[in-house]
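What follows is a short report on a single structure.
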Amino acid sequence: MKTVSINNFTYPIVETFHSIQGEGAWTGVNALFIRLAGCDVGCPWCDQKESWSAKGYTRRSIPELTLSARQSNPAIVVITGGEPLLHDLNPLTKELKSLGLRIHLETSGAHRFTGCFDWVTFSPKPYKSPHESIYAQASELKVVIDDEQDLQWAEIQGQKVGAGVVKYLQPQWTNPRSQELVFDYVLGHPDWRVSLQTHKFLGVR
Ligand code: SF4
């Protein structure tokens with residue numbers, strides 16, 4: 001059987017950038033983001049619509065990506081999208097791990113889980129059901145809330161993740177009413193926490 005060398009493996013990349021993790025349990029931590037192109041989930045309020053099609057994005061090799069990660073000297077490397085699980089993440093994460101880097105994933109879980117991660121942020125969306133393989137992998141559950149129906153969706157997803165998984169509700173940034181919905185819900189349901197997109201408050205990516 002023909003094998004593909006890790007050095008020849010490439011991914012369509014929207015961008016890599018060095019910032020802080022703005023959301024969830026790792027908020028405020030120095031992070032290098034690798035944003036992979038391609039998403040078939042279709043959230044109407046998505047703030048990354050330019051990432052939906054992988055066409056036109058430069059494919060970058062694993063050595064190129066690991067070099068970016070090493071040069072940034074981050075506390076964590078966050079693989080995000082788009083929907084990163086559209087791609088086989090085993091080769092990339094294996095190489096990043098071999099450098100001693102801490103690797104996080106942000107995913108809707110809409111495709112079969114691949115890769116080796118230290119932390120998995122599972123952010124399921126009602127527009128495309130999660131693949132069953134994600135539930136055992138989640139470290140934190142983060143559900144974006146736009147309306148009341150999303151709260152019901154969050155509860156269904158909350159029952160499917162492990163008991164130790166931290167559960168967050170995150171207001172949909174462009175809908176001010178969602179902030180009130182999340183605030184009120186968390187006061188009535190102490191097993192949930194509020195996640196805010198702090199990078200947007202800071203005016204950074
Ligand atoms: Fe956008 Fe993420 Fe939804 Fe895909 S899963 S449409 S990238 S918010």
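Both ligands and their constituent atoms are indexed starting at 1 by order of listing. Quantities reported herein were computed from a predicted structural model and do not represent experimental measurements.
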**Q.** Polar protein atoms (N, O or S) that approach atom 3 (Fe) of ligand 1 to under 2.8 Å
**A.** Cys43 SG
Q. Salt bridge between Arg205 and Glu15, side-chain N to carboxylate O under 4.0 Å?
A. yes
(Q) Would you say Ile79 ends up clustered with Ile13 if hydrophobic residues are merged whenever their side chains have heavy atoms under 4.5 Å apart, either directly or through other cluster members? (A) yes
Q) CD of Glu106 to CD of Glu83: how many Å apart, nearest 0.5 Å? A) 10.5 Å
**Q.** Partner set under side chain to side chain donor-acceptor pair (under 3.5 Å) for Ser98, not counting sequence neighbours
**A.** none
Q | Side-chain ion pair, Lys97 and Asp118, N-O less than 4.0 Å | A | yes
Q) Looking at Leu181, Val182, Leu141, which hits side chain to side chain contact (heavy atoms under 4.5 Å, CB included) with Leu169? A) Val182
Q: Tell me which protein heavy atom sits closest to atom 2 (Fe) of ligand 1, plus the residue, atom name and distance to 0.1 Å.
A: Gly82 O, 4.3 Å
Q. Would Glu23 and Ser195 count as having a side-chain donor-acceptor pair, cut-off 3.5 Å?
A. no
Q.
Please list, in number order, the atoms of ligand 1 under 4.0 Å from a heavy atom of Trp52.
A. 1 (Fe), 6 (S)
